[in-house]
S.K.: 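What follows is a structure written as structure tokens; I'll ask about it next.
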Amino acid sequence: MIYFLYGPDAYRSRRKLREIVDEFQKKSGGDLGVTRIDAGGKPEEVLGIGRTRSLFSAKELFLVEGAISAGEREADYVKKMLAGWRGNPDLTVIFWEGEVDESSQLFKEIKNNATKAQEFKLLPAAKVEDWISREAVARGVRLAAQESKALVLRHGANLWAIASERAKMRDGWEVATQTRQEEKIWNFTDMFLRSKRSSFRPLISLLESGYETYYITGALAGALRNLAVVWHGIESGQLKKASAGMNPYVARKNAGMARNVDGVKIKQLFS
């Protein structure tokens, strides 16, 4: 049996991976040998899948990460063995991939031979809010609507980061406080990118509030990178593609700023 989980939303695909393993272990009554293989770090371990039977388990399950980025020898072995793995009732192979090249031949072979293949795309903002609400209820965390929106605004579709902050909220951390602090930083970076002279006063305010200079510089670098990406997207006519991994609000804000700068200005800002 072969499972194939892939896509940029690693949080949901990792959760699905755990569910599949737990279900197999439950069905086997614990009599299940589980082997984890990092094909990116140790590609040669791929060659051992299904070649030897465990002395202690009637059934075996292999979790293979990064097979598509392994070498040609490993790819050829996987392609040759897929059909046999698919029909073996005592062997289960789960291929896990993050963002992946769907045009690769190995990707197509694994997907075509998979008993079940599931893609995990990044959730749009509206669905991220729904996901946050469902997760909060399931974990007994009380979350106001504005707090959900603040989490989406800060992290977009990064469910790992949202889950981390949700855990802190369960222990009493307030998202509103963090949001107000971040607004001070982004107000400064927006002002700097529009008019460096006008940004002097908010910069002094940040320094007097105790913000470290390296943190301010890092925030400024991130803001400039976003502006440059959006500017390039507008110039190339591929704004949607360029800003695909960006929070929609951040993309819209930078689109407005980008229309007032040119390539020379971008270079000056980087300098």
Side-chain angles (χ1 to χ4, degrees), residues 1-25 27 34-41 43 46 49-50 61-72 74-88 91-135 138 148 151-152 155-164 166 229 233 238-248 250-251:
M1 186 177 296
I2 298 174
Y3 285 83
F4 188 24
L5 310 177
Y6 65 97
D9 190 343
Y11 185 91
R12 290 190 299 131
S13 65
R14 289 287 188 189
R15 173 178 285 183
K16 185 64 177 180
L17 180 62
R18 289 196 300 270
E19 290 176 359
I20 294 173
V21 174
D22 290 346
E23 184 64 24
F24 268 87
Q25 289 181 323
K27 288 181 178 179
V34 179
T35 303
R36 299 177 184 273
I37 296 175
D38 178 5
V46 172
I49 301 176
L61 188 151
F62 289 85
L63 308 180
V64 186
E65 297 188 16
I68 293 175
S69 61
E72 184 176 341
E74 290 75 24
D76 288 342
Y77 177 74
V78 170
K79 291 176 187 176
K80 183 176 69 174
M81 302 298 292
L82 281 171
W85 294 342
R86 182 183 60 197
N88 188 338
L91 177 69
T92 299
V93 182
I94 304 176
F95 290 97
W96 183 93
E97 300 281 344
E99 291 194 64
V100 64
D101 179 10
E102 296 188 20
S103 66
S104 77
Q105 188 60 37
L106 184 54
F107 171 88
K108 295 175 182 176
E109 293 275 358
I110 294 175
K111 188 174 182 180
N112 290 338
N113 281 278
T115 308
K116 183 175 182 180
Q118 187 170 356
E119 180 181 11
F120 293 84
K121 296 180 179 180
L122 294 176
L123 296 175
K127 289 191 176 181
V128 173
E129 287 191 38
D130 292 339
W131 180 87
I132 292 173
S133 298
R134 291 194 304 271
E135 290 290 301
S148 295
L151 288 173
V152 176
H155 299 296
N158 186 343
L159 302 188
W160 286 110
I162 292 173
S164 176
R166 185 191 60 221
V229 167
Q238 297 183 340
L239 177 58
K240 185 176 181 180
K241 180 180 179 181
S243 61
M246 197 177 294
N247 182 285
V250 174

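Nothing here was measured: the structure is a model prediction, and the numbers come from that model.
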S.K.: Do you know which two heavy atoms are closest between Ile49 and Tyr77, and how far apart they sit?
M.R.: O-OH, 2.9 Å
S.K.: How far does CD of Glu119 sit from CD of Glu102, to the nearest 0.5 angstrom?
M.R.: 5.0 Å
S.K.: Which residue pairs pass the ring pair (Phe, Tyr, Trp, His ring centres under 6.0 Å) test when at least one of the two sits in residues 108-128, sequence neighbours left out?
M.R.: none
S.K.: Can you tell me how far apart CG (Asn113) and CZ (Arg86) are? Round to the nearest 0.5 Å.
M.R.: 4.5 Å
S.K.: Looking at NZ of Lys108 and CG of Asp101, how far apart are the two atoms once the value is rounded to the nearest 0.5 Å?
M.R.: 9.0 Å
S.K.: Within a radius of less than 6.0 Å around CD of Glu72, do more than 12 heavy atoms belonging to other residues, nucleotides or ligands occur?
M.R.: no
S.K.: Does Phe107 have any ring pair (Phe, Tyr, Trp, His ring centres under 6.0 Å) partners at least two apart in sequence or in another chain, and if so, which?
M.R.: Phe4, Tyr6
S.K.: Partners of Glu109 by side-chain hydrogen bond (donor to acceptor under 3.5 Å, both in side chains), sequence neighbours excluded?
M.R.: Gln105
S.K.: For Thr35, check side-chain contact (heavy atoms from CB on, under 4.5 Å) against everything at least two apart and list the hits.
M.R.: Ile37, Phe62
S.K.: Got a second to check how far Ser104's OG is from Lys111's NZ, nearest 0.5 Å?
M.R.: 11.5 Å
S.K.: For Asp9, which residues count as a side-chain hydrogen bond (donor to acceptor under 3.5 Å, both in side chains) partner, sequence neighbours excluded?
M.R.: Arg12
S.K.: Among residues at least two apart in sequence or on other chains, which ones pass side-chain contact (heavy atoms from CB on, under 4.5 Å) with Leu239?
M.R.: Val230, Ile234, Ser243
S.K.: Can you name the side-chain contact (heavy atoms from CB on, under 4.5 Å) partners of Asp130, sequence neighbours left out?
M.R.: Arg134
S.K.: Test of understanding: with salt bridge (charged side-chain N to carboxylate O under 4.0 Å, His left out), list the residues that count as partners of Arg14, not counting sequence neighbours.
M.R.: Glu65
S.K.: Test of understanding: with side-chain contact (heavy atoms from CB on, under 4.5 Å), list the residues that count as partners of Glu23, not counting sequence neighbours.
M.R.: Lys26, Lys27
S.K.: Could you tell me whether the side chain of Phe95 reaches within less than 4.5 Å of the side chain of Leu106, counting heavy atoms only?
M.R.: no
S.K.: Starting at CD1 of Ile94, measure out to CD1 of Ile2 and round the result to the nearest 0.5 Å.
M.R.: 11.0 Å
S.K.: Just wondering, do Glu97 and Ile110 contact through their side chains at under 4.5 Å, heavy atoms?
M.R.: no
S.K.: Got a sec, which residues hit side-chain hydrogen bond (donor to acceptor under 3.5 Å, both in side chains) with Tyr11, two or more places apart in sequence or on another chain?
M.R.: Arg15
S.K.: Find out whether Tyr3 and Leu17 are in side-chain contact, i.e. whether some heavy atom of one side chain is under 4.5 Å from a heavy atom of the other.
M.R.: no
S.K.: Can you list the residues that meet the side-chain hydrogen bond (donor to acceptor under 3.5 Å, both in side chains) rule with Asp22, with sequence neighbours excluded?
M.R.: none
S.K.: Is there side-chain contact between Leu159 and Leu123, with heavy atoms separated by less than 4.5 Å?
M.R.: yes
S.K.: Is the shortest side-chain heavy-atom distance between Thr92 and Ile20 below 4.5 Å?
M.R.: no
S.K.: Which heavy atom in Glu99 sits nearest to a heavy atom in Pro8, and how many Å separate them?
M.R.: CG-CB, 3.5 Å
S.K.: Rounded to the nearest 0.5 Å, what separation is found between the OG atom of Ser13 and the CD atom of Gln118?
M.R.: 9.0 Å
S.K.: At their closest point, which heavy atom of Ala39 faces which heavy atom of Val46, and how far apart are they?
M.R.: CB-CG2, 3.7 Å
S.K.: Check whether any side-chain heavy atom of Val128 lies under 4.5 Å from a side-chain heavy atom of Ile132, and answer yes or no.
M.R.: yes
S.K.: The criterion is ring pair (Phe, Tyr, Trp, His ring centres under 6.0 Å); which residues satisfy it with Trp96, sequence neighbours excluded?
M.R.: none
